[in-house]
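A, B, ... follow the sequence lines: proteins, then strands. Residue 1 opens every chain. Because the structure is a prediction, the values reported are computed rather than measured.
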Amino acid sequence: MAGELRLYNTLTRRLETFAPIEPGHARLYTCGPTVYDHVHIGNLRTFLFEDVLRRTLKLFGYRVTQVMNLTDVDDKTILGAQRAGLDLRTYTDRYVEAFFEDLATLRAEAAEHYPRATDYIEQMVALVQRLSDNGLTYTSAGSVYYRISGFPGYGKLSGVRPEANLAGARVDSDEYEKEDARDFVLWKAAREGEPAWETALGRGRPGWHLECSAMSMSLLGDSFDIHTGAVDNIFPHHENEIAQSEGATNAPFVRYWLHAEHLIVEGEKMAKSKGNFFTLRDLLARGHDPLAIRYLLISVPYRQKLNFTFDGLHAADQAIDRISNTLHRLRTTPIATGPGALPAEEIARFRNDFLEALGDDLNTARALAALHTLLRTVNIALDAGGLSGAAHANVLAALGEADAVLDLMPAAADPGPADEEHIQRMIDERNGARAARDFSRADTIRDQLREQGILLEDTAHGTVWRRER
RNA sequence: GGCGACGUAGCCAAGUGGUAAGGCAGGGGCCUGCAAAGCCCUCAUUCGCCGGUUCGAAUCCGGCCGUCGCCUCCA
């Protein structure tokens with residue numbers, strides 16, 4: 001696939017044309033969840049942005065190696081495990097599994113690697129040792145800290161100046177002893193009742209930022225292409241990753257930093273205390289369609305705050321219906337014998353608009369607008385008498401290409417054969433009634449089928465049916 | 001206090017110098033036995049407010065108002 005892919009780089013605050021270090025191969029690290037609970041739809045918005053990113057990279061012809069970490073040791077996972085009376089691994093396993101289920105429900109493509117922090121203790125220790133060799137660490141009360149004053153590039157991602165005043169800022173809540181308030185912990189000394197590893201750094205556990213540096217470099221190399229997360233990760237998390245990685249290797253860590261804006265709910269920040277905190281499971285329990293949720297979460301470009309509302313979810317649901325209905329018409333309308341009422345230029349324009357929109361920093365709103373425009377064009381052509389074989393194949397190919405990124409099209413219905421026979425019998429009976437102008441009988445049959453989730457449509461080429469979504 | 005994002009119709013949202021995409025909701029119509037699906041028309045003389053630059057600004061500049069985020073383990 002030709003075309004230019006431009007991405008907004010937080011590091012330079014500019015739109016840049018993507019060019020990977022290794023031609024044709026995009027190496028991508030995406031900050032994953034802390035597995036102490038179910039993820040919420042705000043988290044999922046970010047993960048779906050990353051899904052759109054990886055699929056767009058593929059659409060533009062790149063081979064993709066994506067790593068998504070699973071943070072399975074931190075204050076919250078430790079606390080959760082203690083409360084549940086489980087060991088850390090057993091506790092986090094539950095949420096790792098739930099996380100994968102949620103991703104699958106929303107059709108997120110699997111990454112190539114899902115490393116867990118607790119499987120990379122060795123690499124983390126080795127990284128700290130390299131930092132120590134470079135004079136960037138110190139030990140205090142058994143914990144190892146990163147000395148920010150030793151890394152001149154600190155702050156280049158976030159714009160946070162090391163000497164920035166902290167008036168009004170959150171007071172440091174870290175309970176460990178530091179030389180300087182700006183320093184952060186690499187390795188935490190073991191505390192009573194907490195999981196700990198016996199290592200060359202002493203008995204303890206890793207600090208949060210360390211895992212991402214260690215795992216990304218282990219799996220993608222010292223320098224790789226893209227690193228993503230949500231905006232709240234810019235500082236301190238990603239800033240600290242840069243300090244850890246570049247402080248150890250003296251090589252550029254990441255070329256493109258991409259950050260997703262947050263999801264808010266009905267104009268307010270999502271918070272448990274406000275009762276507007278939703279997990280995917282909450283929405284499914286209310287009967288919402290996963291495809292509509294996917295549509296909604298990817299419909300707003302990733303750098304815009306996404307205001308989640310139930311009106312918006314309804315609109316997304318309508319959009320999925322529309323896509324689904326047009327596909328259904330394409331499947332059930334006979335191929336026209338004429339030239340076909342859908343000009344090839346229309347399809348070419350769609351392909352171009354769609355690609356250009358995604359190439360412009362993943363502008364999914366524009367990509368979806370192009371799709372809606374094509375759907376209308378297709379429907380007009382179907383109204384006008386159907387598509388030629390060539391036009392039919394052409395439009396299906398274009399839709400398939402778009403769906404390689406969007407993944408919003410319902411799987412073809414898989415009706416049981418016996419079921420299908422029964423439906424056809426009912427349709428025949430109803431059409432007999434209609435021919436005899438016995439409309440109350442005909443309507444009764446239609447209502448009966450409807451109760452079974454079968455919708456009838458009387459079209460110019462006969463009665464067709466589909467399943468209610 | 002520091003840093004950053006944003007304010008476009010009832011709602012979501014595209015558009016960053018050339019005269020307002022797309023979707024939802026609403027209104028009217030075509031088609032249909034009635035529906036469903038689809039299509040057509042309609043729905044912002046105007047882009048938070050006030051100035052400025054320009055032949056021309058939603059788009060650039062300045063000020064003001066408002067919303068939101070980050071400021072050391074929150075996607």
With sequence neighbours excluded, residues passing side chain to side chain contact (heavy atoms under 4.5 Å, CB included) with A:Leu455: A:Arg450, A:Arg466, A:Glu468
Using the C1' atom as the reference point in each nucleotide, state the distance between B:C61 and B:U54 in Å, no decimals. 12 Å
Which sits closer to the 5' end of RNA chain B, A:Leu375 or A:Tyr8, going by the nucleotide each is nearest to? A:Tyr8
If you restrict it to nitrogen or oxygen atoms, what contacts under 3.5 Å exist between nucleotides 40-42 of chain B and the protein, and what is each distance?
none

Using whole Å, what does the distance between atom P of nucleotide B:C3 and atom OH of A:Tyr154 come to? 17 Å
Tell me if the centroids of the rings in A:Tyr91 and A:Tyr36 come within less than 6.0 Å of each other. no
For a quick check of understanding: with a heavy-atom distance under 4.0 Å over all strands, which category does A:His328 fall into, base, sugar-phosphate or nothing? nothing
Could you check whether A:Glu50 pairs with A:Arg45 (Lys NZ or Arg NE/NH1/NH2 to Asp/Glu carboxylate O, under 4.0 Å)? no
What's the gap between B:G26 and B:G51 when it is taken at their P atoms, as a whole Å value? 39 Å
Classify the ring geometry of A:Phe253 against A:Trp257: parallel below 30°, tilted from 30° to 60°, perpendicular beyond 60°. tilted
Round to the nearest Å and state the distance from A:Asp353 atom CG to B:A21 atom P. 14 Å
Go through it in stages, so that I can follow the logic: the residues are A:Tyr256 and A:His227, the test is ring pair (Phe, Tyr, Trp, His ring centres under 6.0 Å), and I'd like the CA-CA distance, side-chain angles, deciding distance and then a yes or no. CA-CA 6 Å; A:Tyr256 307 92; A:His227 193 129; over 10 Å; no
With sequence neighbours left out, the residues meeting side chain to side chain contact (heavy atoms under 4.5 Å, CB included) with A:Asp353 are A:Arg349, A:Ala370
P spacing across the pair B:A9 / B:G48, given as an integer number of angstrom: 8 Å
Looking at every strand, decide which applies to A:His262 at a 4.0 Å heavy-atom threshold: base, sugar-phosphate, or nothing. base
A:Arg107 with A:Asp51: basic N within carboxylate O range, under 4.0 Å: no
Rounded to whole Å, the NE2-P distance (A:His238 to B:C3) equals 23 Å
Pick the C1' atom in B:G1 and in B:G15, then give their distance to the nearest Å. 36 Å
Roughly how many Å is it from CG in A:Leu449 to P in B:A36, rounded to a whole number? 17 Å
Where A:Leu362 and A:Leu7 come nearest, the two heavy atoms and their spacing: CG-CD2, 4.2 Å
Cation-pi geometry met for A:Arg303 and A:Tyr8 (6.0 Å, 45°): yes
Look at the side chain of A:His40 and decide which nucleotide, out of B:A75, B:A25, B:G38, has an atom nearest to it. B:A75
Reckon A:Leu263 touches a base, only the sugar-phosphate, or nothing at all at heavy-atom distances under 4.0 Å? base
Check whether any side-chain heavy atom of A:Leu408 lies under 4.5 Å from a side-chain heavy atom of A:Leu368, and answer yes or no. yes
Let's see if you can work this out: which of B:G22, B:A25, B:A37 has an atom nearest to the side-chain heavy atoms of A:Ala369? B:G22
Starting from C1' on B:C68, measure out to CZ on A:Phe308 and report it in whole angstrom. 18 Å
Close side-chain approach of A:Ile242 and A:Val254, heavy atoms under 4.5 Å: no
A:Met270 atom CE is separated from B:A75 atom C1', nearest whole Å, by 9 Å
Taking the C1' atom in each of B:A35 and B:U59, what is the distance between them to the nearest angstrom? 47 Å
Does a side-chain N or O of A:Asn325 approach OP1 or OP2 of B:A37 to a distance below 4.0 Å, or not? no
Go through B:G38, B:A75, B:G4 for me and flag the one nearest to the A:Arg13 side chain. B:G4
Using the P atoms only, state how far B:C65 lies from B:G29, rounded to an integer number of Å. 50 Å
Just compare B:G23, B:A37, B:C39 and give me whichever is closest to any side-chain atom of A:Arg466. B:A37
Got a list of protein N/O to nucleotides 30-35 of chain B N/O distances below 3.5 Å?
unit_1 : atom_1 : unit_2   : atom_2 : d
B:G33  : O6     : A:Arg430 : NH2    : 3.2
B:G33  : O6     : A:Arg434 : NE     : 3.3
B:G33  : N1     : A:Asp443 : OD1    : 2.9
B:G33  : N2     : A:Asp443 : OD1    : 3.3
B:G33  : N2     : A:Asp443 : OD2    : 2.6
B:C34  : O2     : A:Arg446 : NH2    : 2.5
B:C34  : N3     : A:Arg446 : NH1    : 2.9
B:C34  : N3     : A:Arg446 : NH2    : 3.4
B:C34  : N4     : A:Asp458 : OD2    : 3.0
B:A35  : N6     : A:Asp458 : N      : 3.4
B:A35  : N6     : A:Asp458 : O      : 3.0
B:A35  : N1     : A:Asp458 : N      : 3.0
B:A35  : N3     : A:Arg446 : NH1    : 3.0

A:Pro206 or A:Ile264, whichever maps to the more 5' nucleotide of RNA chain B: A:Ile264
Under 4.0 Å, counting only non-hydrogen atoms across every strand here, what does A:Asp232 touch: a base, just sugar-phosphate, or nothing? base
Using the C1' atoms only, state how far B:A44 lies from B:G10, rounded to an integer number of Å. 12 Å
Do any N or O atoms of the protein come closer than 3.5 Å to N or O atoms of nucleotides 10-16 of chain B, and which pairs are they?
unit_1 : atom_1 : unit_2   : atom_2 : d
B:A14  : O3'    : A:Asn363 : ND2    : 3.1
B:G15  : OP1    : A:Asn363 : ND2    : 2.8

Using the ring of each side chain (for Trp, its six-membered ring), is A:Tyr146 parallel, tilted or perpendicular to A:Phe184, with breaks at 30° and 60°? parallel
Suppose you measure atom C1' in B:U46 against the same atom in B:U8; what distance do you get, rounded to whole Å? 9 Å
Please tell me whether A:His259 and A:His238 have a donor and an acceptor in their side chains that are separated by less than 3.5 angstrom. yes
Salt bridge (charged side-chain N to carboxylate O under 4.0 Å, His left out) partners for A:Arg281, two or more places apart: A:Glu101, A:Asp102
